[in-house]
Amino acid sequence: METQGNACTSLLRGLILVLLVASGTAARADDTTPGRDPKQPIDEAYTQKIRKYTTAPYFSSPLVDYLPASKTVPTPEAVLGDVAGAPGILPYAEEVYRYMRILEKATPRVKVFSIGKTEEGREMIAVAVSSEENLKRLEENRARLAKLADPRTIQLDDAEADRLVAQAVPVYYITGTIHSPETGAPTALMELAYRLAVDESPYVKRIRDSVITLITPVVEVDGRNRMVDIYRWHRSHPNDFYPPLIYWGHYVAHDNNRDAMGVSLKLTENVLNTFVGWKAQVLHDLHESVPYLYDNTVGDGPYNAWVDPILTNEWQMIGWRNVADLTAFGMPGVFTHGDFDTWSPGYLMFIAAMHNGVSRLYETFGNAGADTETRTLEPEEHSRTWYRPNPPLPKALWSQRNNNNYEQTGLLTSLHYFAENSRLFLKNFYLKAKRSVGKPSAEGPAAYVLPADDPRSGSQAELLRILEKQGVEVSRARTAFTVALPAKKQTAPKPDAKDAAAAKPAAPVVREFPAGSYIVRMDQPYSRAADALLDYQYWSPDDPQKTPYDDTGWTFGELFGVQVVRVTDPKVLDAPMERAVAVRAPGGVRGEGAVFAIANHAEPALATLRYNLRDVSIDAAEEPFEAAGRKFPRGSFLLRGIGRAELDRVASELGLEAVALAEVPGTKTHPVRAARIALVHTWISTQTEGWWRMALDNLKVPYTYISTQTVAKENDLRSKYDVILFPPLGFAVKPTYIVNGVPTTWGNPLPWKNTPETPNIGKEDFTDDIRPGLGWAGLARLEEFVRKGGLLLTAADTSSFAAEIGLAGSVSTTPPQKMKIVGSVLSTLVVDAASPIAYGYGEKLSAYSDNGPIFSFSNTAGARPRRRPASDATKRPTGRGTLDDPDFVVGRPGVETPPEPKTEAWETPAATDEQLRNGYRVVPPAWRPRTIFRYADAKELLVSGRVEGGDEIAQHASVVDVPSGQGHVVLFSINPIYRGETRGSYALVLNTILNYDSLSVGRKLAEK
Ligand SMILES: [Zn+2]
C-alpha cells in the first residue's frame, strides 16, 4: 500500500514541478522542491569536480550535483585537498574532526561534541548541525524532548505532550563507518554538514530550521585509521596486492555492529549515551556492502517481537518514501525490503528501536577505499524483483563520489521527509514511550525479578549493570514480597488421552522473594530494552524466513546463568522498593581465622582473584564440604598466606564473599594455578576471538597474544605457556587452510606491521607477511606442547579443526544433515560434575551454540565412530514366534544373542571382546574423551532461538576433555565466550585454565 501511495505522491510532485516550470514560477521554488537556490552562487571549481568524479549523471541527484558557495565557511577541500569522494583520498578520523571543528568555528550552525574515547584512546565526536536559533536553544529543546521521552514527567498528559511536540525540534542522529572497510561515509558526512550549514535552498533550509542533525562521522575510529593506513600503503605500492583489514577495531570486526545488547564495546556505549542523552528520534547507521542503496530499514520478517508496532509502521513510511524520492531523481538501484530480517536487537541502529526512536540503516556501494573501479555484480544483486523494479546495473564504473552522492541524497531526502513530518514523529516518540510505561497493564509483563538469594550475585550484578547502561531503571525491594506466578502450562493432551482431565490448568503458584531482590519494572520508558533482553525468543523452523540474518536467541538471564523471573502479577509493582544505582555484588571477609573459603558458583571473578593474588596459596576443594555453618560446593577456593585486611579489600572489589575458617577442612584439594596463557589467533580472521580477548582483559586475566605463525616458530611452547587458547575464527574454514594459509608461491608479501607508512597498524600483533598459516611445523609444536603437559583449548570452528586435523585423539565431528541451529541458546547438562571444568555449575547450563560441531567418539585409534542407533539392539530378526519370543534355528538348541552394551551419544563405546583380541588400536579407557557437559535431549534442547534437526546434536558432548600425553585438549562445541552475552559459561574456560594440571581429578574410568 505504501508503495502505491508513494508512487502517486511522486507522480503528483512531478506534475506540480512541471506546472511550476511551465508557469515560470520555478525561480522561487517552494521548500518541497529539491535543488539549488539559483540566487545562491555555487562553488564552481568544487561543483565541476563533483561532476568529474561522478561516473554517470544518473549516479547523482539535484541535491548533490552542485556545492553552494560560502564566503566564510570552508568546504571539505580545506582539509581533504580535493572534494569529498575524490579518488585517492581517504581521511583519517582526526582529519574529519579537524574539518568539523573548522566548520564549528566558521558558522554558528555547527557545534562539535566529544562523546567519549575508544578502546585505544581515540576520540569519538558528534556534530550538531541546525539553525543558529535551534543550536542556541539546545538545552531548552533537550528539556522538552526529555519530557516526551519520559511521559511520567508530564503525568502521561497527551495535551501537554501536544504542546511540547509543537515547540520541540527533533534530533536525527547519523552514524558513519562503523565497519572500517566501508570507507565512504566520513567524506559524505563532511560534505553533508557543509551543505546543511550553508545551503540556502528552501529545501535544505527547511531541514535546517526543523531538525537538529547529529552526526558521528566515524564510529569505529581505531579501525578507520588502520583502514586509511592500508589504503595509503596500497596507493604507494600500486602494483602490489595489499593486506586485508585483519583488525577492524581493537577487539572485533563486523561484530561491532552486534553489540547493542551487551554494550561491551566503547563505541556502542558512546553512541548509546549520545542517542539517549540527546533524546534523539532517529539513529541512522551507514554501511556500504550492497549496490547501490539498500535501505534495510524495512527489511524482511520476522520483525523483532518486542518493538512497538508504531515503529514498524514508521520503518515502512520512511523506507518506501525514501526509495520513491531517489527513484524520482532517476537514480538506479535504490530499494528497501530485501533479506535483512530485523529480528535481533544487537545492531547499533537498534539502540533507537529499543529506546522509542526509529532505527534506520543504509547499505550503499563502496569500493573499500577511494579507487574508481569497474564493478561487476552477481545476478542476484542486479536482478529485477517486485521490491527492486529499478535494479543496479550489472556492470558499471563506480567511484567513491558516486557512493557519497547516494549517501548524501538518501540522507537529505530522509531529513527533509522527517522535517516535513516532524510533529508526527515527535508525537510517535512520545506515544511509544507512553506505551512502554503502560506495558504492565497492556501486554505485560509487570516486571522481571532477580532474586536476592541468587548464589551468582556477581553475574547478577553484571547483568543489571548492562540494563543500567541501556538506560533501564533497576529497583531493589526493601522488604520480602510475594507474587502469583502462572502455573507451568500443561502440554495439550492427545485427543484419545485417558487422562485428559489431568491437563486442566493448574492453579498459579505464589512465590516469595527475599528483601533486597532486584525488580526491573516494566512501567518505565525503556521497558522494551529490558524486556527484549530478558525474555525468551522462539523462531519457528516453519518460518518462511529460512536464513536468519544473525542470532535468533539471546535470553540474558539464561546466558548469564542467573535467575530472572518474568512476573505478570501487577502486585509486584506495589512492593516497597527504591532505585538501585551502580549495582554491585556484596563481597568481603566474614568471621575470623587463618584460612579463607570462597564458595565456587562459577563466578568469573574467581579467576580475577587468582591472578590478582599471585603469591597466595589457593587450593580447590575436590568435594563439597560444610564449614562455619555454610555449604561449599566442589571447586570452592581455600586461601592461605594472606592477611584478612588484604583479602577483604580484594574480595570487596570483586564482589566475592570469603569466610574465615578456624581450620582447613578435611576435603581433598589441589592447587589452583595462575596458569601462563597464550591466546592464539590466525591471520585469516580475528573476528570472533576478539570477544575472548575482551573478556580476559575485563577480568584482568593476563595472556600473551600470538599468531599461528608464532606457534610455528616457538622452539618449546611448553616452557613458556601452560595453556593455549585457540578461540573460534567465527566461520568454518577447511582445516588445511589454517595449516597452509594463503600460498606464497605467487603474489607479494602482505605485511601487517607498524611502520611510518602505517602508523596505526601492527600494535595488536605483527608479521611481515600474513599469508603463511600454522604450517605442519606449527601443528607438530602444538602436539608437542600438549604431550609435554600443556593444555590446548578450542571452541566451535577451532574444535572442528582440532578434531579433523588429528589433535584431539579419537574425537571426530559428524557433518550435520538437516541441522540448522542459528545462534541459539541451548540447554546442556553436566555429565561429569567431578571434573574441575564443571566446578561451580549445577546440573543444567544454558549455552550459546551456532551449529556447533557434533562430536562423536571411537574406541579404536584411526577409526570413524560407528553410527548405531541404540534402539536397533532391541529389535528382533524375522523368524518364529511373537515380537518378544526368541527365534530358533531348526535342528539345534536356541542360543541367546549376548546383549550389546548400551552407549550414550556422549560416551565412547566400550570395547568388545573381539576388538580387544590383540587390540593394540583400542584406546584404553584412561585415554578416551571425558565428556563434561552434553547437549540436552532433543525435546529439551531449545532454550531460545531457532533449532531445526536438533536431534542430530542432542545428547552429544558439548564440552569434552581429551587426555593426550601428559596434557589435555579440551574441546567446546558451544562458544562459551561470545559478544559479552555469555557470562554464564565463561567459568568453563576459566576453570579449565586454573585447573589445567589437575583436570583428571574425579575421573571414573570405563571397565573396557
Ligand atoms: Zn557494514
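- For the 3.5 Å distance criterion, the side chains of Tyr172 and His284 qualify, holding a donor opposite an acceptor.
- The only option from Arg232, Arg98, Arg224, Met227 that meets the side chain to side chain contact (heavy atoms under 4.5 Å, CB included) definition with Tyr92 turns out to be Arg232.
- Every residue two or more places apart in sequence or in another chain that forms a side-chain contact (heavy atoms from CB on, under 4.5 Å) with Ser652 is listed here: Asp648.
- Aromatic rings from Tyr406 and Phe365 are positioned such that their centres are separated by 6.0 Å or more.
- Listed by chain and residue number, Tyr347, Tyr549 satisfy the ring-ring contact (aromatic ring centres under 6.0 Å, His included) test with Phe340 (two or more places apart in sequence, or in another chain).
- Considering all non-hydrogen atoms of both residues, Ile212 and Ala128 come closest at CG2-CB, 4.3 Å.
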- Task: Please test Thr297 against Asn322 for side-chain contact (heavy atoms from CB on, under 4.5 Å), starting from the C-alpha separation and ending with a verdict.
- Result: CA-CA 10 Å; Thr297 305; Asn322 215 193; over 6 Å; no
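- Here the closest non-hydrogen pair linking Phe350 and Pro345 is CD2-CA, 3.4 Å.
- When all heavy atoms are compared, the tightest approach of Leu245 to Ser180 is CD2-CB, 3.3 Å.
- Take Glu981 and apply the salt bridge (charged side-chain N to carboxylate O under 4.0 Å, His left out) test, not counting sequence neighbours, and it matches no residue.
- A donor-acceptor pair under 3.5 Å is absent between the side-chain atoms of Asp551 and the main chain of Gly553, judged by distance alone.
- Ser436 and Pro525 get closest at one heavy-atom pair: CB-O, 3.2 Å.
- Ser685 contributes a side-chain N or O that, together with a main-chain N or O of Leu729, makes up a donor-acceptor pair within less than 3.5 Å.
- In summary, the side chains of Tyr978 and Ser985 do not present any donor paired with an acceptor at a separation below 3.5 Å, with no hydrogens or angles considered.
- The side-chain heavy atoms of Phe113 and Leu138, taken from C-beta on, include a pair separated by under 4.5 Å.
- With hydrogens and angles ignored, the 3.5 Å screen pairs a side-chain donor or acceptor of Asp259 with a backbone N or O of Leu265.
- Remark: Glu140 engages Arg144 in a salt bridge (charged side-chain N to carboxylate O under 4.0 Å, His left out) (not counting sequence neighbours).
- Looking at residues two or more places apart in sequence or on another chain, you find a side-chain contact (heavy atoms from CB on, under 4.5 Å) between Ala253 and Trp248, Gln687.
- Cation-pi geometry between Arg693 and Tyr705 is satisfied (NZ or CZ under 6.0 Å from the ring centre, within 45° of the ring normal).
- Residues meeting the salt bridge (charged side-chain N to carboxylate O under 4.0 Å, His left out) test with Arg122, sequence neighbours left out: Glu120, Asp222.
- Between Gly346 and Ser344, the shortest heavy-atom distance links the atoms N-OG, 3.0 Å.
- Within the structure, every pair that satisfies the salt bridge (Lys or Arg N to Asp or Glu O under 4.0 Å) test and touches residues 208-221, not counting sequence neighbours, is listed here: Glu200-Arg208, Lys205-Asp209.
- Side-chain contact annotation: Trp278 with Asn141, donor-acceptor N/O pair under 3.5 Å absent.
- Looking only at atom types and distance, the side chain of Ser414 has a donor-acceptor partner in the side chain of Arg360 under 3.5 Å away.
- Applying the side-chain contact (heavy atoms from CB on, under 4.5 Å) criterion to Lys266, with sequence neighbours excluded, gives Glu119, Asn270.
- A donor and an acceptor atom, one from each side chain of Asn404 and Glu191, are nowhere located under 3.5 Å apart.
- One N or O on the side chain of Glu603 and one on the backbone of Ser457 form a donor-acceptor pair closer than 3.5 Å.
- Ring to ring, Trp306 and Trp343 are close: their centroids are under 6.0 angstrom apart.
- With sequence neighbours excluded, the residues satisfying side chain to side chain donor-acceptor pair (under 3.5 Å) with Asn403 are Glu288, Thr364.
- For Tyr247 and Asp765, the side-chain atoms include no donor-acceptor pair closer than 3.5 Å.
- With 3.5 Å as the limit, one finds no donor-acceptor pair spanning the side chains of Asn304 and Thr342.
- Looking only at distances, a side-chain donor or acceptor of Thr755 sits under 3.5 Å from a matching main-chain atom of Thr758.
- Applying the side-chain contact (heavy atoms from CB on, under 4.5 Å) test to Thr608 and every residue at least two apart in sequence or in another chain returns Leu654, Leu699, Lys700.
- Judged as a ring-ring contact (aromatic ring centres under 6.0 Å, His included), and not counting sequence neighbours, Tyr97 has no contacts.
- The minimum heavy-atom distance between Ile125 and Pro217, with the atom names listed, is CG1-CD, 3.9 Å.
- With Glu764 as reference, Arg226 is the one residue of Arg226, His681, His250 to meet the side-chain hydrogen bond (donor to acceptor under 3.5 Å, both in side chains) rule.
- Side-chain polar atoms of Ser131 and Asn134 form a donor-acceptor pair below 3.5 angstrom.
- By the salt bridge (charged side-chain N to carboxylate O under 4.0 Å, His left out) test, Arg101 pairs with Glu123, sequence neighbours left out.
- Between the Ser459 side chain and the Arg456 main chain, no donor and acceptor come within less than 3.5 Å of each other.
- A salt bridge links Asp255 to Arg979: one of the charged nitrogens lies within less than 4.0 Å of a carboxylate oxygen.
- Between the side chains of Asn256 and His179, at least one donor N or O lies within less than 3.5 Å of an accepting N or O.
- The main-chain N or O of Leu311 is never found under 3.5 Å from a side-chain atom of Lys432 such that the two would form a donor-acceptor pair.
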